[in-house]
Amino acid sequence: MKKIIAFTCASVVAMASSFAQVLSSQQMKNTAWMGFGSPFDGDTAFYGLTDTFQARFDIAKFTIEGMLNWSFLANYDENGNVDNFVFGTSNQNPLNLHYGKHNNGYSNCNTNVYGFNNTANVSNTIQDSYYVNFLWHPTKNVDVGVGTKLNWVVGPAPRYGSWLWEPYAHSRQGGFSTSYDDRSGVFAVTSTEESHPYRFYVDAPGSADVVGFVPYANKYAKKAIGVRYVNSGDIDLEIGAAIPNGFNTDDPVMNFGLSVGPTEWLKLSAAIEGAFDEGSNIYTGVTIGFQNLILDAYLALDSMFTDVKDDQAYGLGAAITFIVPNTKITLRPELGTNFFENDNYTMAWYTGASLDLPINREFSLNIWGSFAAGSKDERWEDDLIFAGTEVRDYDGGRIIDVRPSIEFKADKDLSFNVYANVEWRRAFDGKKRTSWSSGIFATYTF
């Protein structure tokens, strides 16, 4: 058995969402999307169009790559009618539009006493409107890079959202809320550019409809300048370091990543985000791969070493990929748990599975389903405070997602993907939000 068998499968299945964010080889690629959707009790809304263009060029010892996202989106008035369309560069995408104009009809201003907004997950589904990366390869195994989305990754992690505009993009982990913004990868609000920082605090139960996602530090270079050594041989090895956007000489921080494959069936990974700062995120992962079975597991520790009380969160999970012998059919069940330093916050968890079923050379079917249960604050049960109130009956909320899609490859360069996403969501306060969305992607590779 060759090592490439196991780890190629692991890369394609477990890490596909990570690698897909930037192009893996020299090419130009354009993805256009059109979609619509509705709450079960509302009128169908046409979201509009988005178009994402990517290009990568390898010239001598250099790589230059970039992306630009455009949109032509519908705005609705208070009666649910199309008021106008807006065209321009955009950080919106199918997921953001689904949550922004979907679960709450055409408004996002319905909040309760906790400040909870019915349009869940809007902020953390916004994508980059562009990225630009420059890489220098001084030797065969060394990369020096600077960019807005380097996307250097070690080890397996939950496939949260994939990349948001891609054909199979949807809510992984049941659409859990998170305060973590993965777009820019800036460590602190010290950059001369306005950007979004890593946020070393935990989403409290009640701050969104279903709370439970914990950030994972296995992507050690995002918006950053970094260097890495990557070698594939008898021992697979990747070791890298990055200075994230927002680095300050008065309070320096760095990110590090390490991945080692000492045998043909084992790969170990570790990373730290924000080293030398008390709010570091730590990640460890393992992949055990055989010819038709791959086990991925991870442990993530968020906001370690701080003096702030109850600000830490932890994630633990695993996935098994089954490959049917002599076929390209794969089944991947996964389970993730998120728990918190604050003893009043109960554990949140999700489970899900995806099935990839190639029908023939042109058609393939993918089905994803998940169930997630959010964290609740056990103090809500305190009769001395909440007896006789609605708060007494609050729980963590739950989400069920089902998303089938069919991909058609018209030729080696052009493919279409049609999907439907159905979501049953019960928020922590008992409010139910059921919704559906659908759309089509067209991808052309030059």
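Other residues, nucleotides and ligands contribute over 12 non-hydrogen atoms within 6.0 Å of the CE atom of Met347. Heavy atoms of other residues, nucleotides or ligands lying less than 6.0 angstrom from CG of Asp411 number more than 12.
Taking the charged nitrogens against the carboxylate oxygens, Asp209 and Lys431 have no contact shorter than 4.0 Å, which rules out a salt bridge. Using a cut-off of 4.0 Å between Lys/Arg side-chain N and Asp/Glu carboxylate O, Glu238 and Lys267 are scored as not salt-bridged. Look at Asp395 and Lys376 and you find no salt bridge, because none of the NZ, NE, NH1 or NH2 atoms lies under 4.0 Å from a carboxylate O. Between Lys29 and Asp413 there is no salt bridge, since no side-chain N of the basic residue sits under 4.0 Å from a carboxylate O of the acidic one.
Side-chain atoms of Pro404 and Asn366, non-hydrogen and from C-beta on, never get closer than 4.5 Å to each other. Proximity of Phe72 to Asp51: side-chain heavy atoms (C-beta onward) are nowhere separated by under 4.5 Å.
Residues Lys409 and Arg361 share a closest heavy-atom pair of CD-O, 4.2 Å. Nearest heavy atom pair, residue Ser405 against residue Leu365, reads O-CD1, 3.3 Å. Of all heavy-atom pairs between Tyr220 and Val154, the closest is CE2-CG1, 3.9 Å. When all heavy atoms are compared, the tightest approach of Ala224 to Pro244 is CB-CA, 3.9 Å.
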| task | Show your working on side-chain hydrogen bond (donor to acceptor under 3.5 Å, both in side chains) between Ser437 and Asn421 and close with a plain yes or no. | result | CA-CA 5 Å; Ser437 64; Asn421 190 85; 4.5 Å; no
Let's go through Ser38 and Thr44 carefully: what are the C-alpha distance in whole Å and the side-chain angles of both, what is the deciding distance for side-chain hydrogen bond (donor to acceptor under 3.5 Å, both in side chains) to 0.1 Å, and is it a yes or a no? CA-CA 5 Å; Ser38 172; Thr44 298; 4.6 Å; no
Could you walk me through whether Ser375 and Phe340 pass side chain to side chain contact (heavy atoms under 4.5 Å, CB included), step by step? CA-CA 9 Å; Ser375 174; Phe340 309 92; 3.7 Å; yes
Ring pair (Phe, Tyr, Trp, His ring centres under 6.0 Å) between Phe36 and Phe46: does it pass, once the steps are laid out?
CA-CA 4 Å; Phe36 49 90; Phe46 173 64; 7.5 Å; no
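Although no hydrogens or angles enter the test, the distance criterion places no donor-acceptor pair under 3.5 Å between the side chain of Tyr298 and the main chain of Tyr216. With Thr63 contributing its side chain and Asp58 its backbone, the two residues share no donor-acceptor pair below 3.5 Å. Formation of a donor-acceptor pair under 3.5 Å by the Glu423 side chain with backbone atoms of Asp401 is not found in this model. No side-chain donor-acceptor contact under 3.5 Å links Asp83 to the backbone of Tyr76. With hydrogens and angles disregarded, a donor-acceptor distance shorter than 3.5 Å links the side chain of Ser280 to the backbone of Gly274.
For Ser71 and Thr50, the side-chain atoms include no donor-acceptor pair closer than 3.5 Å. With 3.5 Å as the limit, one finds a donor-acceptor pair spanning the side chains of Tyr350 and Glu334. With 3.5 Å as the limit, one finds a donor-acceptor pair spanning the side chains of Ser25 and Gln27. For Arg332 and Thr321, the side-chain atoms include at least one donor-acceptor pair closer than 3.5 Å.
Test Thr52, Thr89, Thr31 against Asn69 for side chain to side chain donor-acceptor pair (under 3.5 Å) and you get one pass: Thr52. A side chain to side chain donor-acceptor pair (under 3.5 Å) with Asn133 is found for exactly one of Arg56, Lys223, Lys149, Glu65, namely Glu65.
With ring centers used as reference points, Trp70 lies 6.0 Å or more from Tyr130. Aromatic pair Phe428/Tyr394: ring centres closer than 6.0 Å. Annotation: Phe85 is not in aromatic contact with Phe87 [ring centroid separation under 6.0 Å not met].
With sequence neighbours left out, the ring-ring contact (aromatic ring centres under 6.0 Å, His included) criterion links Phe57 to no other residue. Not counting sequence neighbours, Phe416 has no partner by the ring-ring contact (aromatic ring centres under 6.0 Å, His included) test. Every residue two or more places apart in sequence or in another chain that forms a side-chain contact (heavy atoms from CB on, under 4.5 Å) with Asp377 is listed here: Pro205, Asn344, Tyr345, Arg379, Trp380.
Between Tyr47 and Trp33, the ring-plane angle classifies as parallel under the 30° and 60° cut-offs. The aromatic rings of Trp265 and Phe290 sit parallel, their planes meeting at an angle under 30°, below the 60° perpendicular limit. Taking the six-membered ring where tryptophan is involved, the planes of Phe441 and Tyr419 are tilted, since the angle between them lies from 30° to 60°.
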